[in-house]
Protein chains: 4
Amino acid sequence: MDVSPPRHLKARKMPRQARSASTIDTIFEATIQVLLKSGTHRLTTTRVAERAGVSVGTMYQYFPHKQALLYALNERYLDRLAERMEKVCLDHHGKSIPDMIAALVTGYWEAKTERSEVTRALYSSAVELDNEALIDAFARRMDAATGAMLESAPIVNCADIHLVKATLLSVIFGTVRNVFERKLPAHEQVAIREQVIRMCVGYLSSADDDRSKNSGSSLCAAERT
Amino acid sequence: MDVSPPRHLKARKMPRQARSASTIDTIFEATIQVLLKSGTHRLTTTRVAERAGVSVGTMYQYFPHKQALLYALNERYLDRLAERMEKVCLDHHGKSIPDMIAALVTGYWEAKTERSEVTRALYSSAVELDNEALIDAFARRMDAATGAMLESAPIVNCADIHLVKATLLSVIFGTVRNVFERKLPAHEQVAIREQVIRMCVGYLSSADDDRSKNSGSSLCAAERT
Amino acid sequence: MDVSPPRHLKARKMPRQARSASTIDTIFEATIQVLLKSGTHRLTTTRVAERAGVSVGTMYQYFPHKQALLYALNERYLDRLAERMEKVCLDHHGKSIPDMIAALVTGYWEAKTERSEVTRALYSSAVELDNEALIDAFARRMDAATGAMLESAPIVNCADIHLVKATLLSVIFGTVRNVFERKLPAHEQVAIREQVIRMCVGYLSSADDDRSKNSGSSLCAAERT
Amino acid sequence: MDVSPPRHLKARKMPRQARSASTIDTIFEATIQVLLKSGTHRLTTTRVAERAGVSVGTMYQYFPHKQALLYALNERYLDRLAERMEKVCLDHHGKSIPDMIAALVTGYWEAKTERSEVTRALYSSAVELDNEALIDAFARRMDAATGAMLESAPIVNCADIHLVKATLLSVIFGTVRNVFERKLPAHEQVAIREQVIRMCVGYLSSADDDRSKNSGSSLCAAERT
DNA sequence: CATGAATGAGTATTCATTCAT
DNA sequence: AATGAATGAATACTCATTCAT
């Protein structure tokens, strides 16, 4: 994720040697483990270092302070998530709209759910972390990826593709998180997921319809005013 | 909100005298102020007490520990939010579906946005708080309120009203939060809000259509299997 | 126990009315209960008052501070213990020396053991309590009582009866406490108790022998130098 | 003292470097000083650290909590006391019984009296400390040491040497403590001490007599049943 | 007199960060 | 570079005591 983080959250050294890279990875993993075992508010630098098998001193060589560590961890997480979702999008270029939507929703849902505890832990670690820049960067990548995917669909051809995309992404990401966080029973989660797909597909095709019919209440018409 | 909280999060004494009630309210307000000024992780019992103009000791008479204070604060917040949304629902009994949806989305959006900093602060205060019970209770109230509202609409008549409601609420609450948290520019937020309303309205009418047409891919048909 | 306690440890009001006396007794009992349930270092005035069913304020009417309460409690305990032991002594006037010794040892041992947890609790409550005066008064009463008892024995007739008594009492009280505190198995405690009786009886008769034989190494001779 | 303490009272790190060892010793000394100056209930970790000239943090590196510190302090004290008494016993192997007894009593008495304030302070610090294991270990060492000493005496030859030893030790330790705690005038303490020695010597020789005479009421006969 | 809410100094314990070795 | 001992400010929570009602 090529964001310039708030200056004070920068990692201290970029891993130039293989050794460093692996050390950093070990530290990341250790952080997650501690997060899972002890929760955010008992995540201490000492505990992380211990778990990672390095000394605190060493950890401070890589991350100038705790916040920087958590920032970098979230960065890595969002980076991987973005990559994964970009791949999902790429894989569905040229597919039908319903396929695309289903892929987006399901892909995101699976990414969150696979290691749901880790997801939850990361959410809580990011509280009060100045990570807006990360979120924005993630949003931009998603925007680009879904944009490219949707444009590869034969039918969709709406003027305000930007707004449609923004809406879609907000609905998908927001809803999945909501369902995920409420810890609903699995079958209910799946059922809702299907509904959300239906809803989004309907939305997209209506946006399209509107355009062809030039209807007054349509998305595009609305945008023309 | 008539939830029995996890035993360890119970407030210590129920305010029996007017004086106590106002003290508790003062403490709540102080907590919010401190949350806003210092952030969750610098919210200390001392600071809250100071701001509230009472001694720490007094605070501990009412809340056996910090967690209980935050729990009660969130409880109060969700309680008020629920009341507000219930009123919104009641006020739209018998209205058209689009009106209902618009009211739900806009109502929730406004509730979050009016004192957006407070909303954000409360979200962060709830991290690592065992408040699932609160969320559940809130969800149940929303479910009941929206259910009653939707059933008062002439047209809607779907077999799996439960799933439809759950989906609607997840989409609305999830999306609003997502938009809210990303701090998008106001006009974009409004635009997305309108889209979400469109989307939900479309979803509801399609659910209804499905039923009347008995279409194989419909919501209700699906549920019949 | 007619000791004048260190001025700062005096109870605030002498119970003049029946009501007061019973209140005080309730408080004493409550103190013991709290001591048993929570240990000395979690004995708080509030907890005692609660348990006693009175308000803290009321408690402070009777005892100007915590120390005074504990002092009075220990005073009462030692008073009762002294009474009990005095009765034991009186009951054995004119009996044989072995009977006397056995009565002393067994009596004391039983007094401690009957409610051993209470005994232990009181010991711990007295730590860092300025209760030397109480101990002294108790010692004096024991001295008088055992003195009178021993003098009623036909044989004993030693010049330094004071030293003999002091020794006896130290040995008995010290040993019983030692055995008591080490929580040895009951049968071992009993066995040792019997031995101690033997030992003391032997000591007393030898003190007596010495005197009649006027032996150089005797107790009384030693005292003559 | 090779006792495994209750798990929660374990010291945190064993001193591996000379520096640590001296730090720990400094902390012990400081604890004693604070105990003397402020009493047990005003012994705070901060005060100890201050007096020791280290930071609280450092103290907590070595002792996970106050209790562990006090436990370790008592352990060290009893360890040294045991060593000292073992030496006394060793030094009197082969001596006469009266010499042995005198050595035991006087040795213990001196150990307690030399720094009597420290002794008292340690007693009070141990209240409500789960130090039974320490006391037991100490008792076992004393038992072994006195056993070896007594067995080296030509005459003593009693069947139930175990009971005799237990009695002796209880009497000696109990009585010395009793005399010590009552703060009797020094000359009286000395006088009683002499009496106790006489009493114990008499007891031991009677136990022996009994055996040679096979008297029915003797210790050994009793044990044979 | 009785009550119990309010007080706030006091205390154990944690933890991010530094820096001598 | 790596280490991990040392630091000490920060923080949650307690409890003896007072005093307005």
Side-chain angles (χ1 to χ4, degrees), chain A residues 13 17 19-20 23 38 41-50 53-69, chain B residues 12-13 15-17 19-20 23-24 41-50 52-69, chain C residues 13 17 19-20 23 38 41-50 53-69, chain D residues 12-13 15-17 19-20 23-24 41-50 52-69:
Chain A
K13 66 169 74 162
Q17 313 162 15
R19 181 169 53 129
S20 300
T23 300
S38 318
H41 80 282
R42 237 164 303 166
L43 175 94
T44 72
T45 49
T46 314
R47 262 195 271 267
V48 170
E50 211 165 70
V54 301
S55 70
V56 234
T58 300
M59 247 193 56
Y60 271 82
Q61 297 272 337
Y62 294 100
F63 304 98
H65 45 247
K66 207 183 155 187
Q67 301 281 317
L69 167 63
Chain B
R12 194 168 264 170
K13 69 169 73 163
R16 290 197 190 132
Q17 311 168 12
R19 182 165 51 132
S20 300
T23 300
I24 286 192
H41 81 281
R42 235 164 302 164
L43 176 94
T44 71
T45 51
T46 316
R47 262 196 271 269
V48 170
E50 211 165 70
V54 300
S55 69
V56 232
T58 298
M59 251 195 53
Y60 273 86
Q61 297 241 351
Y62 294 101
F63 304 100
H65 45 247
K66 208 181 148 185
Q67 302 279 317
L69 168 62
Chain C
K13 66 169 72 165
Q17 314 161 14
R19 181 169 53 129
S20 301
T23 300
S38 318
H41 80 281
R42 238 166 301 166
L43 176 93
T44 73
T45 50
T46 313
R47 262 195 271 268
V48 171
E50 210 164 73
V54 301
S55 69
V56 234
T58 301
M59 246 192 58
Y60 271 81
Q61 298 272 338
Y62 295 99
F63 304 99
H65 45 248
K66 207 182 155 187
Q67 300 282 315
L69 168 63
Chain D
R12 193 167 264 169
K13 69 168 74 161
R16 292 202 186 129
Q17 313 167 12
R19 183 166 51 132
S20 300
T23 299
I24 286 191
H41 81 281
R42 235 164 302 164
L43 176 94
T44 71
T45 50
T46 316
R47 265 196 270 269
V48 170
E50 211 164 71
V54 300
S55 67
V56 233
T58 299
M59 250 194 53
Y60 273 85
Q61 298 245 348
Y62 295 102
F63 304 100
H65 44 247
K66 208 180 148 187
Q67 302 279 317
L69 167 62

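Small disclaimer: the values here were computed from a predicted structure and weren't measured. First the proteins, then the strands, lettered A, B, ... as listed; each starts at 1.
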Between N or O atoms, less than 3.5 Å apart, protein on one side and nucleotides 15-17 of chain E on the other: list the pairs.
{"residue": "E/dC15", "atom": "OP2", "partner": "A/Arg47", "partner atom": "NH2", "Å": "3.3"}
{"residue": "E/dA16", "atom": "OP1", "partner": "A/Leu43", "partner atom": "O", "Å": "3.4"}
{"residue": "E/dA16", "atom": "OP1", "partner": "A/Lys66", "partner atom": "NZ", "Å": "2.9"}
{"residue": "E/dA16", "atom": "OP2", "partner": "A/Thr45", "partner atom": "N", "Å": "2.8"}
{"residue": "E/dA16", "atom": "OP2", "partner": "A/Thr45", "partner atom": "OG1", "Å": "3.0"}
{"residue": "E/dT17", "atom": "OP2", "partner": "A/Tyr60", "partner atom": "OH", "Å": "3.1"}
{"residue": "E/dT17", "atom": "OP2", "partner": "A/Lys66", "partner atom": "N", "Å": "3.2"}

For [X], all residues meeting side-chain contact (heavy atoms from CB on, under 4.5 Å), sequence neighbours excluded:
X       : answer
B/Thr46 : B/Thr44
B/Ser55 : B/Thr58
C/Gln67 : C/Leu9, C/His65, C/Leu129
B/Ala52 : B/Thr26, B/Ile27, B/Ala30, B/Val54

- request: Give the dot-bracket string for DNA chain E, reading 5' to 3', where a pair is Watson-Crick or G-U wobble with both distances under 3.5 Å, ( ) marks pairs inside the strand, [ ] marks pairs crossing earlier ones, | marks a partner on another strand, and . marks unpaired.
  value: .||||||||||||||||||||
Starting at atom [atom1] of [X], determine the distance to atom [atom2] of [N], rounded to an integer number of angstrom.
X       : N      : atom1 : atom2 : answer
C/Met59 : E/dC1  : CE    : P     : 17 Å
D/Leu69 : E/dT11 : CG    : P     : 16 Å
C/Glu50 : F/dC15 : CD    : P     : 12 Å

query: Looking only at side-chain N and O atoms, does D/Ser55 come under 4.0 Å of OP1 or OP2 in F/dG8?
result: no
message: Check the phosphate of E/dT7 against B/Thr58, side-chain N and O only, distance under 4.0 Å to OP1 or OP2. Yes or no?
response: yes
statement: Between A/Arg42 and A/Arg47, the two heavy atoms sitting closest are O-NE, 2.9 Å
- prompt: How far does CE of D/Met59 sit from NZ of D/Lys66, to the nearest 0.5 angstrom?
  reply: 9.5 Å
statement: Rounded to the nearest 0.5 Å, the CZ atom of B/Phe63 sits from the OG1 atom of B/Thr45 at a distance of 12.5 Å
